[in-house]
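The next block holds one structure in the form of structure tokens; read it before the comments.
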Protein chains: 2
Amino acid sequence: MAEIKLIDIKEDILSDNQALAGQIRDDLRGKRVFLMNLMASPGGGKTSLILQTLKRLRERFRMAVIEGDIDSQVDAEKIIREDIPAVQIRTGGFCHLDATMIERALKELDMAALDAIIVENIGNLVCPAEFDIGSTRSVMILSVPEGDDKPLKYPLMFSVCDVLVVNKTDYLEGSDFDMEALKERVLRLNPGIRIFPVSCRTGQGIDDWAEWLSAEIEKIKNWKSSF
Amino acid sequence: MAEIKLIDIKEDILSDNQALAGQIRDDLRGKRVFLMNLMASPGGGKTSLILQTLKRLRERFRMAVIEGDIDSQVDAEKIIREDIPAVQIRTGGFCHLDATMIERALKELDMAALDAIIVENIGNLVCPAEFDIGSTRSVMILSVPEGDDKPLKYPLMFSVCDVLVVNKTDYLEGSDFDMEALKERVLRLNPGIRIFPVSCRTGQGIDDWAEWLSAEIEKIKNWKSSF
């Protein structure tokens, strides 16, 4: 009997993606540009956090935004209204961004004129966690209305991120969201993760978050090659 | 105000795919190998039609099968039990095959030892219709239990195929499936399409189908380059 030749597409795609993401990361570091991958569920507050962050950091750093969307550009419109350069990636159905898409988007930006780029990934806690886009740092938002049990349901996302922003803390009062239980669940998956509770609506906690991000951007800006 | 730079991933992917599919088609014709793309809903009878077809044609042509599946290889196992070479593409979640996957799979087969390859695409009437895989001919199956209204719901699939096999005609009796209404709907979308009513279970109509396919394979086998 003949033998079945097996081709595993997903494994191939993930390993090709990982290789390209590594190249992008090295290349950006060489150019002293910081890249942040921002992930969350739909409605978690990605665009709001970006707008709050730009407000704090735009005088200090030269910034741009890459917006991922399945089929619209409303978020990119909010960014350019702030007079910040924006690239819109319209995936046409794909539920995540990948390194190839980011490589294409970066070509639309002038690296020599930038210190930091924020990528707003597609609203989804599953697939974006599997695809490294070459970011210097990965950040996710969980919003209070989504509930404190999400680390149990989407462990990979909580495991791959450097930072968890817990947004919409203005909803905490009167909710059964247990911040301590959340932190315990997250730290069990990812002991090195930083957690910032914020409210993009009231501005509470945003300064701490922006301070951390500034320090990370500075590290890349002042990065000295050992060669 | 800044301008949004727009990157349209789906359009890019479809046009890259189309270019590679064209290369595959030319390359196979140069090697005198026929490639058939077989598409249908899950349970429409793709594997049954392949097995019936192999039974009729295996003495006349040297054949192989490329099996697409999201996450199993049960169909490929049925093929190698017939002692026919099989390549299994496991997409790991993707709902269609594309030209890149077929290019990879073709490398696992000995072209010099083959006349015809049948590709069993992922069970889905939507996405596979958008992705040319470089096939010489595209064939779809609609099975009687699915209903005669499917051309209204999945017009692209009925438009891109060279042949419609209407399978499970043994269910026609006592059903409200209207073969004439189906034909009218299909021919309105695609006046050049060939329609073969068959029953893979009883074998009814399979000879007509196999005769058409044999003639198509012969065309490629005897193809003379004009150069």
Largest heavy-atom contact set with chain A, pairs under 4.5 Å, which of B:K10, B:Q73, B:R90, B:E67: B:R90
Closest-packed option against chain A by number of heavy-atom pairs under 4.5 Å, given B:I89, B:I4, B:L109: B:I4
Distance (rounded to the nearest 0.5 Å) between A:Q88 CD and B:I9 CD1: 10.5 Å
Closest heavy-atom pair and its distance - B:I7, A:A105: CD1-CA, 3.3 Å
Interatomic distance, B:D12 atom CG to A:T100 atom OG1 [nearest 0.5 angstrom]: 11.0 Å
Contacting moiety of A:I13, where chain B heavy atoms sit under 4.5 Å: side chain
Gap between atom CD of A:E3 and atom CD of B:E108 - 0.5 Å precision: 9.5 Å
Distance in Å, B:D8 CG paired with A:D71 CG, rounded so as to fall on 0.5 Å steps: 8.0 Å
